[in-house]
2 protein chains.
Amino acid sequence: MTSTADKILDVAQTLIVAGGYNAFSYADISDAIGIRKASIHHHFPTKAELVTTLVDRYRQQTEAGMTSIQQQVSSPAEQLRFYLNFWQTCIRDASLPFCVCAMLAGEMQMLPEDVASRVRAHFHSLAKWLASVLQAGAEQRLFRLDKRPEDEAQVLMATVHGAMLSARAFNDPDLFAAIVDTQMARLLMQGR
Amino acid sequence: MTSTADKILDVAQTLIVAGGYNAFSYADISDAIGIRKASIHHHFPTKAELVTTLVDRYRQQTEAGMTSIQQQVSSPAEQLRFYLNFWQTCIRDASLPFCVCAMLAGEMQMLPEDVASRVRAHFHSLAKWLASVLQAGAEQRLFRLDKRPEDEAQVLMATVHGAMLSARAFNDPDLFAAIVDTQMARLLMQGR
DNA sequence: CGAATTCATCCTACTAGTAGGTAGATAACA
DNA sequence: TGTTATCTACCTACTAGTAGGATGAATTCG
């Protein structure tokens, strides 16, 4: 049993992932969960506060996911594989076919500052996590890095987000896996 | 001297690039170019038609750009460099800090079908052009491709779009160049 | 115990403002 | 002259957000 506030955030997340900040309204949420608009305003007085809370929750879930990956598997190569598989699955079964923060990043200039700063923070922490995994992998001679782990992490992150976009543009979930797997293979020291 | 219709498209393009399909209105354009809303409707009866025309124009400009690159420089490596430099410059001087179609691709599900199909078409032709450049470069031993040119083109395109997103998220235009140059360097057969 | 009170949740009904779009008059132009 | 471009004025639907009341479940008080 989930709370009303959580249900509101769930619907809002789905709608944001589908079309961004400006593509959803309180009325949409109202219709989706069978509650009056005013009741949504009771839980989240303004749209900015709603999305702020939403991004906070998303960041928390992401952080938990990262920690979980690092606890469950020890090999940096497998850790990266887990991260990529997560999105591969999300996109394939259409459960979360886009990163909330990647979606919002495109609208950065139009977002309330409270939201924008949190989106930026997500990008920072994701880049940091990827860099740490890449660095650990490089130290264990699992990855071959041409540049600093931080730089390679930026490339990888961009590829992942771009692959989400391409999968959507081509309406082909498998394209995400194809792009990301190519990049993953390039990181692994193949035939060296 | 540009026509009113072109001025409308110019403003609309700037606004779409800033926040997507749902983040601009006829009133915004009206304010920007000092013309009444109704006059915009004279040129573009509906918003869908406006954006459809806009994407058509953008695709035409892109096509012309590609052709121009292939006429002016012969080396596939330089052709690719030209393409990447174009975006590097656009993003750095903030003239066109995002690809219109990449922006719209994120909102694919909410777009009018006429717009969506054109966005898809842009992705197809861009992927095709990149693949042809990569293939030519591989044949001339300028690029080292791990996979088929079509697959490598998809990776490259995703990286470019993802780099646009990152540059925006981090509010750092130079990040685009850093990401894209790393990927470019990887394509070139550097001492391997 | 039971009554009074607080509180959270949800509601109906409303606001001011904006969305995309239309009708019809007027002006400029070929 | 008719055609193209622009205007004023308006429409309906929707936007985020507010005011104030009904319900019911805790909590406090006599």
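Chain identifiers are assigned alphabetically (A, B, ...) following the order of the sequence lines, protein sequences preceding nucleic acid strands; residue numbering begins at 1 within each chain.
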For [X] and [N], give me the distance from atom [atom1] to atom [atom2], rounded to whole Å.
{"X": "B:Ile8", "N": "D:dA5", "atom1": "CD1", "atom2": "P", "value": "10 Å"}
{"X": "B:Asp31", "N": "C:dT18", "atom1": "CG", "atom2": "P", "value": "10 Å"}
{"X": "B:Lys37", "N": "C:dA19", "atom1": "NZ", "atom2": "P", "value": "8 Å"}
{"X": "B:His41", "N": "D:dA9", "atom1": "NE2", "atom2": "P", "value": "18 Å"}
{"X": "A:Ile29", "N": "D:dC14", "atom1": "CD1", "atom2": "P", "value": "16 Å"}
{"X": "A:Asn22", "N": "C:dT18", "atom1": "CG", "atom2": "P", "value": "14 Å"}
{"X": "A:Tyr26", "N": "C:dC11", "atom1": "OH", "atom2": "P", "value": "15 Å"}
{"X": "B:Phe44", "N": "C:dT22", "atom1": "CZ", "atom2": "C1'", "value": "18 Å"}

Please state whether the phosphate of [N], meaning OP1 or OP2, lies under 4.0 angstrom from any side-chain nitrogen or oxygen of [X].
{"X": "A:Ser25", "N": "D:dT15", "value": "yes"}
{"X": "B:Ser39", "N": "D:dC7", "value": "yes"}
{"X": "A:His43", "N": "C:dC10", "value": "yes"}
{"X": "B:Thr4", "N": "D:dT6", "value": "yes"}

Nearest-nucleotide pick for [X], side chain only, options being [options]:
{"X": "A:Ala27", "options": "D:dC7, D:dT15, D:dT18", "result": "D:dT15"}
{"X": "A:His42", "options": "D:dT8, C:dC10, D:dA16", "result": "C:dC10"}
{"X": "A:Arg36", "options": "C:dA8, C:dC11, D:dA9", "result": "C:dC11"}
{"X": "B:Ile35", "options": "D:dT6, D:dT18, C:dG21", "result": "D:dT6"}

Does the C:dG21 base have a donor-acceptor partner in the side chain of B:Lys47 within less than 3.5 Å?
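Side chain to base: no pair present.
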
State which residue, out of A:Thr53, A:Asp56, A:Thr52, fulfils the side-chain hydrogen bond (donor to acceptor under 3.5 Å, both in side chains) condition with A:Arg118.
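Among the candidates, only A:Asp56 passes.
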
NZ/NE/NH1/NH2 to OD/OE distance under 4.0 Å, A:Arg81 and A:Asp181
yes

salt_bridge(B:Glu152, A:Arg186) N-O dist < 4.0 Å
yes

Could you tell me whether B:Phe24 contacts a base, only the sugar-phosphate backbone, or nothing, with contacts defined as non-hydrogen atoms closer than 4.0 Å?
sugar-phosphate

Hydrogens and angles aside, do B:Asp28 and B:Ser25 bring a side-chain donor and acceptor to less than 3.5 Å of each other?
yes

Assign the ring pair B:Phe123 / A:Phe170 to parallel, tilted or perpendicular, where the plane angle (0 to 90°) is split at 30° and 60°.
perpendicular

